[in-house]
Q: 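Can you keep this structure in mind? I'll have questions shortly.
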Amino acid sequence: MPLVLTEDEVMLVDAARGFLAKSAPVSALRTLRDSGDTLRYTPSVWSEMAENGFIAPHVPEAEGGLGMGYAAAGLIAEQMGHTLAPTPFLSAAIAAELVVQAGSAELKADLLPKIIAGDLVTGFAFEEGLRHNPAGTAVTFKDGKISGTKKIVLDGVGAKLLIVVAATDNGPGLFLVDPSAAGVTVRPLDLIDSRNAAEIDFADAPATPLGDAGAAKAAIARTLDVARALLAAELLGIADEAFDRTVAYLKERVQFGRPIGSFQALQHRAARLYARLDLTRGAVLKALRALDEGDKAATMLCSLSKGAMSKLAYDVMVEATHMHGGIGVTDELDIGLFYKRVRVAGELFGDAHFHTDRIAIQAFGI
Amino acid sequence: MSELDDFRAETRAWLEANCPQSRRGAFRGFSTFNYWGGRKAEFQDEDQKVWFERMRDKGWTVPEWPVEYGGAGLDKHRAGILQQELRRIQAQPPLQSLGIWMLGPALLHFGTPEQKAEHLPKIARGEIRWAQGYSEPGAGSDLASLSTKGELKDGQWVINGSKIWTTNGDKCDMIFALVRTEPDAPKHQGISFILVDMDQPGVTTKPITLINGDAPFVQTFFDNATAPEGNVVGPRGKGWDVTKYLLGHEREMIGSSMTNSVTETVSSVAKAKLGADGLKADPSLRMAIANHEIESWVLGIAVERLKDMGKAKQFSQFAPSVLKLMGTELNYRRGELLMSISGFDAVNDLFSEPVHSYLHAPANCIAGGSNEVQLNILSKRALGLPEL
């Protein structure tokens, strides 16, 4: 597939943009944050997203999904970046992918329709350390029970199902855990992006395997690829939005009797970001297309896009904040909300440092 | 099989039979390894000659140009297939030429029927080697302030002044030059795009030796040089429009060449020279190399996207500036990394490959409109930021 959008994709982008502008603008995130609501998303908006076909659109038609591909999912994620829409979109995409990759026919038939309909919000209990680490699993599964602590489980507060990665004698396995079961303690986190996440303790909590351990390893690897590509797309949307807002501000803010956007020092810094954004958006689409095409290079392309977009989005936000001057660091201005989301999305499933090292080893052998 | 499949099969078979083995392999940059054509040209070896002549006879030095102008009249699909098949066997370009990359597209767009008939076939067949005459000692990126003069006397242009940074000007036959023909017009106007024969008593050149020991550029002097009145391309006094069109091609070429002119990746050079242990012992260098490879990869994808956009008729007006800026900076860092990797060996030899490219890289950041000019274009035109 070429690195341009198809007519269907353009229509999807338009539909998602229209929906999000109406139902999940940046002001909605602010309102949710200030309300003290622990769920951190609006269930009615989530249901509407399902009605629009925006949840896990990549699930194949053969599995009862829309079969629109990862590129479609990425384009929705990108649009959600523009409005900072707080939804369990990423968790749903991850759960759907894990079930498609590792689940039995029975489990697929049971879980996928509920995930796509927005009725089954899931949390992926994966990380255990301070930084993203796909290799280190200390949480264990033995005799039908899981024990240990998982950090930063996205959408873990109020989730109806947890998918937990735990060590078994045969390597890492995937397990389904009911969060209301005995031995599960969910502690809400207060992430700087005001999204839903929890730290979860498992003390001999009952768990059932999602597929066998052999399938789990590949399913986890594949799902991490998908999550990284979707986050890269969201980061692109955020960076584009913050950049556009900043350029608009450069045109209107007057200092020394003229718009600050007329100063060459600021013009060149803005132009450089424009150039980097223009270059990097190709890598984001390439990763999504590679997932759709089953390209062998998909894993490295997902790493490439996540790493490059994390770094670029950080840089855009530093410049956006600086160019807004003092007002840029006030809570009143939305730029700060973008800044904080970029930091969180940047860390999730590997930041620029993680992916640079990974690509150095796996793609370039150094 | 579709017609395109047939074309691919025929093309593949023809290339296999006709491209000499010595003309295959990783692209070697814009060196004398490849043929540049022109009246003064000599072939480096038999294979270079054979490859050039066979491709010329097929019209494949300029496959998309019309047959009447020496091309093969291929449509986008067939031209794309030819490109892919050439890349598949890593065939070297049969003819390198500013005429093909820059003047040709400008003539196809702005030229009169007479100009096209006269010049395009000679470009396609490598008979005339063209030089570019924009910059002057007092006018580099600020082309609007150039002062080489042209006056119309008895039906021909009489030209006086000087051009600088004429790439391989001493080896070229003709020059497309920007000449001020309307002295009273505002700065950006009154400049004409004129085709001038360099093989006349009024035109002389003087080499400029660079810090890397090379002298690929010359200064060109016009002392009552002449050109026929009909050699103005585009309307008289509107040379700026022709140049902007042509510079777009040049910038895109410079930028995208940074992704495919690379013969070896920096990481493979590093592994060969330092070994895996040597690299691990130098984590800062290892990370710099990794970052470079990543940026290079992203740039390569961007070029791929640009081609796809072109095929989909979604033309990106500012892509040439983006590619020029990012591509040349990347190339600059590549040179620095290769120097670091080669260490004492590199600084010991002015004519070693890493020193050569390291010392040449800054020129790419200046030529074709300095990178600051590209930033101005992007900030003013792409972003619409106000004038001071």
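What's counted below: heavy atoms across the whole structure, side chains too, no hydrogens, waters or symmetry copies. In the text below, chain A, chain B and the rest are named by the order of the sequence lines, each starting its count at 1.
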Q: Given heavy-atom pairs under 4.5 angstrom as the criterion, report whether the side chain, backbone, both or neither of I359(A) touches chain B.
A: side chain
Q: Checking heavy atoms, do the side chain of A276(B), its backbone, both or neither come under 4.5 Å from chain A?
A: neither
Q: From I289(B) CD1 over to R333(B) CZ, what is the distance, rounded to the nearest 0.5 angstrom?
A: 14.0 Å
Q: About how many Å separate CG of N331(B) and OH of Y358(B), when rounded to the nearest 0.5 Å?
A: 13.0 Å
Q: Does the T328(B) side chain pair with the main chain of L325(B), one donor and one acceptor, at a distance under 3.5 Å?
A: yes
Q: Under a 4.5 Å cutoff for heavy-atom pairs, which residue among Q264(A), R281(A), R269(A), K286(A) has the most contacts with chain B?
A: K286(A)
Q: Need one label for F256(A): side chain, backbone, both or neither, based on atoms under 4.5 Å from any heavy atom in chain B.
A: neither
Q: Answer with yes or no whether the side chains of R381(B) and Q317(B) bring together a donor and an acceptor at under 3.5 Å.
A: no
Q: For R258(A), is it the side chain, the backbone, both or neither that has a heavy atom under 4.5 Å from a heavy atom of chain B?
A: side chain
Q: Is it the side chain or the backbone of Q314(B) that comes within 4.5 Å of chain A heavy atoms, both, or neither?
A: side chain
Q: Going by atom types alone, do E347(A) and H132(A) pair a side-chain donor with an acceptor below 3.5 Å?
A: no
Q: Heavy-atom cut-off 4.5 Å, strictly under: side chain, backbone, both or neither for F364(A) against chain B?
A: both
Q: Look at A270(A), P2(A), S262(A), A283(A) and state which one has the largest set of heavy-atom pairs under 4.5 Å with chain B.
A: S262(A)
Q: So what's closer than 4.5 Å to chain A heavy atoms on L279(B): side chain, backbone, both or neither?
A: side chain
Q: So which part of Q374(B) gets closer than 4.5 Å to some heavy atom of chain A, the side chain, the backbone, both or neither?
A: neither
Q: Do you know which of V298(B), I377(B), L306(B) has the most heavy-atom pairs under 4.5 Å to chain A?
A: V298(B)
Q: So that I can tick it off, tell me whether R88(B) and E85(B) are bridged by a salt bridge, with the cut-off set at under 4.0 angstrom between side-chain N and carboxylate O.
A: yes
Q: What part of I366(A) lies closer than 4.5 angstrom to a heavy atom of chain B: side chain, backbone, both or neither?
A: both
Q: Count the heavy atoms of every other residue, nucleotide or ligand shown that sit under 6.0 Å from CD of E7(A), and state whether that count exceeds 12.
A: no
Q: Which bit of N376(B) comes within less than 4.5 Å of chain A, counting heavy atoms only: side chain, backbone, both or neither?
A: both
Q: With salt bridge (charged side-chain N to carboxylate O under 4.0 Å, His left out) as the criterion, how do R222(A) and D225(A) come out once you've worked through the C-alpha distance, each side chain's angles and the decisive distance to 0.1 Å?
A: CA-CA 5 Å; R222(A) 168 72 178 188; D225(A) 289 348; 5.4 Å; no
Q: Looking at D357(A) and R286(B), is any side-chain nitrogen of the basic one under 4.0 Å from a carboxylate oxygen of the acidic one?
A: yes
Q: Looking at G307(A), G282(A), A271(A), which has the largest count of heavy-atom pairs under 4.5 Å with chain B?
A: A271(A)
Q: Let me see the working for R272(A) and E329(B) under salt bridge (charged side-chain N to carboxylate O under 4.0 Å, His left out), right down to the final yes or no.
A: CA-CA 12 Å; R272(A) 201 168 274 284; E329(B) 289 187 352; 2.8 Å; yes
Q: If you tally heavy-atom pairs under 4.5 Å against chain B, which of A352(A), P259(A), A275(A) wins?
A: A275(A)
Q: So which residue, S305(A), G365(A), A308(A), A360(A), ends up with the most heavy-atom pairs under 4.5 Å with chain B?
A: G365(A)
Q: So what's closer than 4.5 Å to chain A heavy atoms on K380(B): side chain, backbone, both or neither?
A: side chain
Q: Tell me, out of K280(B), M309(B), M326(B), who's got the most heavy-atom pairs with chain A below 4.5 Å.
A: M326(B)
Q: Give, as side chain, backbone, both or neither, the part of L383(B) having an atom under 4.5 angstrom from any heavy atom of chain A.
A: both
Q: Taking the side chain from D295(A) and the backbone from A290(A), do they hold a donor-acceptor pair closer than 3.5 Å?
A: no
Q: Measure distances from A363(A) to the heavy atoms of chain B and classify the residue's part below 4.5 Å as side chain, backbone, both or neither.
A: side chain
Q: Return the CD to CZ distance between Q267(A) and F263(A), rounded to the nearest 0.5 Å.
A: 9.5 Å
